[in-house]
There are 2 protein chains.
Amino acid sequence: MTPGSDITLRDVARASGYSVSTVSRVLSASRPVGAGTARRVREAAERLGYRPNQVARALRSRSTATVGLVLPQITNPFYPTLVRELTHVLDERGRAVLLVDCDDDPDKEAARIEALLARQVDALLVVPVDEHRSRPAVAAAAARVPLVLLDRSCGPGVADLVAVDNAAGMALVLDHLAARGRRRPCYIGADGTASAAAERRAAYEAGVSALTPGEPPLLALGDFSAAWGREAVDRLWDERDRGDRRPPDAVVCGNDLIALGVIQRLRQLGVDVPGQVAVTGFDDVPPADLADPAVTTVRQPVRDIAVEAVRLLERGLDGAGAPVCDGSPQDAAPRSPGTPVARHAVRLAPHLVVRASTVPDTAPAPSGTRHGARSGPAGTPAPRSAVSPTAPLIPNSTKAAQ
Amino acid sequence: MTPGSDITLRDVARASGYSVSTVSRVLSASRPVGAGTARRVREAAERLGYRPNQVARALRSRSTATVGLVLPQITNPFYPTLVRELTHVLDERGRAVLLVDCDDDPDKEAARIEALLARQVDALLVVPVDEHRSRPAVAAAAARVPLVLLDRSCGPGVADLVAVDNAAGMALVLDHLAARGRRRPCYIGADGTASAAAERRAAYEAGVSALTPGEPPLLALGDFSAAWGREAVDRLWDERDRGDRRPPDAVVCGNDLIALGVIQRLRQLGVDVPGQVAVTGFDDVPPADLADPAVTTVRQPVRDIAVEAVRLLERGLDGAGAPVCDGSPQDAAPRSPGTPVARHAVRLAPHLVVRASTVPDTAPAPSGTRHGARSGPAGTPAPRSAVSPTAPLIPNSTKAAQ
DNA sequence: GTGAAAGCGCTAACAT
DNA sequence: ATGTTAGCGCTTTCAC
């Protein structure tokens, strides 16, 4: 009924008077082909509404042009932006994305990676659930297809990794706070085994001594949630817990969700942000600028992460099917033996986004465009300027009257 | 090298002493099979580390067990939760998800739907970009595979639709505001052609007359963004624009992002929320309870939407390959001729979530678990209770000293 | 219940 | 530059 439903190469071959292989060569541009031939084949294909069957192509060519994207929890507000960039970059290169969400469960993660491999994905992009417990499944998968880790590591030497430079980001935050005269910072972060948690905490500890020489750093470690941010504030501002210290004048948070919880609770306690306490986040997730005050934070170079990850992936795709480190020239460079080296660990530079949570009197900006957060479930193109005098304000009585 | 890499059915057949077809029947449980046979075949498969090649299976059986999920913009905070539920429901049924993001562009949408069809997806789940401009591509796709629309429609009769009952949600909001004594509400929503925008606005207009009988409803229409929420407040609180009315005592927003922008700006203007003005949202996206005050909103039954959508999809998969309305008994019921009926439009009941933006003195809750928003990029299991006295608070000086 | 054979739609050798 | 011949790994008739 619908044209194009069941037209195969054979049909196009018949209709154009050429052989199946010639038609294949024309349509997949795999080899040089006659001038007029190409035209006539394409014409026939067009006329019949031919659409190549990618499954058949995949079976024969042993390449599905599909990559698996494995996320620990898509509801984490950092990932949607990453997913967008990755799908766009991959789409441009003709690759599709099989998405799986692991519910933060390493067992589900292992099972779903297995399922992706059964579907013959060409490669995997993985944000591992857990630094330790994800390792076996990820390592096994990496032995079968090119695999790039994103955002988090899962032990040394498992696969290439692309992530933000957490240490550099934390340094940006501490420099900023120091420049604004903050002298009694504390850190509210996560305790987990995930690499980002450890890296950010270590970077804080390393950098904070410049601000408070000689004094032990004040750390509160829970998880990467707003709830933990609220709770940590309750403790730090409770004198019994704090001991004899004065309350902090800056709270450095391990991510934006913690910072949002911190700001929320500080305000409930009547603490002025940023007057009494400055607050910083990390990641620059969409809700970070919706808080009041908006959160000063470290923006991850998400686009670059996506581009770099795909580049690494395709490097693995081009080289022999063997994703294993195969002693190629650049890998043969001498290494210190004790260092268990991930094949490549690309660390991309972050960017400090200064907002009202650290800088008072930031003119209540008339708004400002933000990356993903623009349109709603039924979104439409936004008005060009948020203060455009022509946008609709409709005291309405005429239409849709009850 | 790695076992399981290139083992095929033939290998298992040889190893078990059975024929390829028998092995196939055992492993896909497609037909009754000998008792001991099954055992021995499975044993051999296990031993060799056999993993079925889903691509070959798909080519032969004409079913990829894969569905395409087409989103307008994954960065919209409403979608991650939906994606999670959908992938989980589908995964339970052995189906994988090819995800595409359309960048809110109907042309990209059309191209990507085409690409999904070329990959032989069994079915499509689509949140259309635009009520009108998405129609041709969606209708064409619906003629080729079972297709279910989610969240938004794209014209009548194109495909089944599963969405929240926007009218019911708006009624919940208005009832709540009326019960709290609000008498001068206004609506800040979206102007777009997307169905949710229109439905919510219409429901507001229909319901508000009970609150303000005889008075024309006050509507401000822009888009579904926080920026528009801020701008709309600027206008409504500007006396030149408002004319002689008193400022509203309640702002009903078309979605949560608008509400977050509204709250942010009202606070900057020194307006007390909810004291002077109550604010409501719609959707209950994760950031909605991170605002201060947290946003009273309408929670979409996301899980139910996912379950129902998949149910409809599989109904289409079981019936003949023809997704077209085929005059089956239940569809043959008499219809009023003028009504262009979408095959099924499932409307699911929403749920009002009352938070501090409409109810003052909500005890500053010690926290509270929220669906998706729990863990960060390097998240770990959260402490059981947010006020647990045993969680770590570490004035640390020993480790990682720089 | 089991095996032999055919073939899904395509690409890749190998011919010419 | 084009055609011919083999399959990719699996499911599915069709026989027995």
Side-chain angles (χ1 to χ4, degrees), chain A residues 4-42 44-45 48-66 94 115 117-122 144 321, chain B residues 4-42 44-45 48-66 94 115 117-122 144 321:
Chain A
S5 301
D6 289 285
I7 312 296
T8 77
L9 262 194
R10 276 187 72 208
D11 300 320
V12 179
R14 255 201 293 270
S16 65
Y18 286 93
S19 78
V20 189
S21 28
T22 300
V23 174
S24 167
R25 292 195 267 255
V26 171
L27 273 62
S28 59
S30 51
R31 293 228 273 152
V33 78
T37 308
R39 202 181 41 70
R40 273 186 284 184
V41 167
R42 264 188 254 282
L48 297 182
Y50 168 74
R51 288 71 129 14
N53 181 326
Q54 301 290 356
V55 171
R57 180 200 290 261
L59 177 59
R60 182 62 239 233
S61 66
R62 315 182 109 10
S63 158
T64 51
T66 301
L117 291 174
R119 281 165 191 281
Q120 312 294 119
V121 292
D122 290 345
R144 317 232 287 117
Chain B
S5 303
D6 289 286
I7 312 297
T8 76
L9 261 194
R10 275 188 73 207
D11 301 319
V12 179
R14 256 200 292 270
S16 65
Y18 286 93
S19 77
V20 186
S21 25
T22 300
V23 175
S24 167
R25 292 196 265 255
V26 171
L27 277 83
S28 59
S30 50
R31 291 228 272 151
V33 78
T37 308
R39 202 181 40 68
R40 274 186 284 183
V41 166
R42 263 188 254 282
L48 297 182
Y50 168 74
R51 288 71 127 14
N53 181 325
Q54 302 290 356
V55 170
R57 182 199 289 262
L59 177 60
R60 181 63 239 233
S61 66
R62 314 184 125 326
S63 157
T64 52
T66 301
L117 291 174
R119 291 185 135 80
Q120 312 293 120
V121 293
D122 290 345
R144 317 234 284 117

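By convention in this document, chain letters (A, B, ...) are assigned in the order of the sequence lines, proteins followed by strands, and residues within each chain are numbered from 1.
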*Across the strands shown, which category fits B:S30 at heavy-atom distances under 4.0 angstrom: base, sugar-phosphate, nothing?*
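Result for B:S30 = nothing.
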*For A:R31, answer base if it contacts any base atom (sugar-phosphate contacts may also be present), sugar-phosphate if it contacts only those atoms, and nothing otherwise; contact means non-hydrogen atoms under 4.0 Å.*
base
*Using a cut-off of strictly less than 4.0 Å, decide whether A:R62 has a side-chain nitrogen or oxygen near OP1 or OP2 of D:dC8.*
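Result: no.
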Tell me: [atom1] of [X] to [atom2] of [N], nearest whole Å?
X	N	atom1	atom2	value
A:L59	D:dG7	CG	C1'	9 Å
B:Y18	D:dC10	OH	P	19 Å
B:L27	D:dG9	CG	C1'	13 Å
B:L48	D:dG9	CG	C1'	15 Å
B:I7	D:dC8	CD1	P	15 Å
B:D6	D:dC8	CG	C1'	12 Å
A:N53	D:dC8	CG	C1'	13 Å
A:R10	D:dT4	CZ	P	13 Å

*asked:* For the residue pair B:R57 / B:S63, report whether a side-chain donor-acceptor contact shorter than 3.5 Å exists.
replied: no
_Polar pair under 3.5 Å, donor/acceptor by atom type, side chain A:R60, base D:dG7_ =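 Flag set: donor-acceptor pair detected.
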*Where each residue is assigned the nucleotide of DNA chain C containing its nearest heavy atom, which of B:P32 and B:A56 is assigned the position nearer the 5′ end?*
B:P32
*asked:* If you assign B:A38 and A:Q54 each to the DNA chain C nucleotide with the nearest heavy atom, which residue ends up on the more 5' nucleotide?
replied: B:A38
*asked:* For a side-chain contact (heavy atoms from CB on, under 4.5 Å) check, start with the C-alpha distance between A:Y18 and A:T37, then their side-chain angles and the critical distance, and finish with the verdict.
replied: CA-CA 8 Å; A:Y18 286 93; A:T37 308; 3.4 Å; yes
*Is the shortest heavy-atom distance from the side chain of B:V23 to the side chain of B:S16 under 4.5 Å?*
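A side-chain contact exists here, since the closest heavy-atom pair is under 4.5 Å.
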*Decide yes or no for A:V41 and A:L27: does some side-chain heavy atom of the first lie under 4.5 Å from some side-chain heavy atom of the second?*
yes
*At what distance, to the nearest 0.5 angstrom, does CG of B:D6 lie from CG of B:D11?*
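It comes to 9.0 Å.
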*CG/A:L9 to OG1/A:T22 distance, rounded to the nearest 0.5 angstrom?*
10.5 Å
_Expected output: side-chain B:S28 to main-chain B:S24 donor-acceptor under 3.5 Å_ = yes
*Look at the side chain of A:T64 and the backbone N and O of A:Q120, then say whether any donor-acceptor pair between them is shorter than 3.5 Å.*
yes
_Test side-chain contact (heavy atoms from CB on, under 4.5 Å) applied to B:R42 and B:V26, step by step_ = CA-CA 8 Å; B:R42 263 188 254 282; B:V26 171; 3.9 Å; yes
*Where along residues 19-26 of chain A does a heavy atom fall under 4.0 Å from DNA chain C?*
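Per residue number, the list reads A:V20, A:S21, A:S24, A:R25.
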_I'd like the 5' and 3' limits of the part of DNA chain C contacted by chain A, with heavy-atom contacts below 4.0 Å._
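Taking any atom under 4.0 Å from a heavy atom of chain A, the span is C:dG9 to C:dC14.
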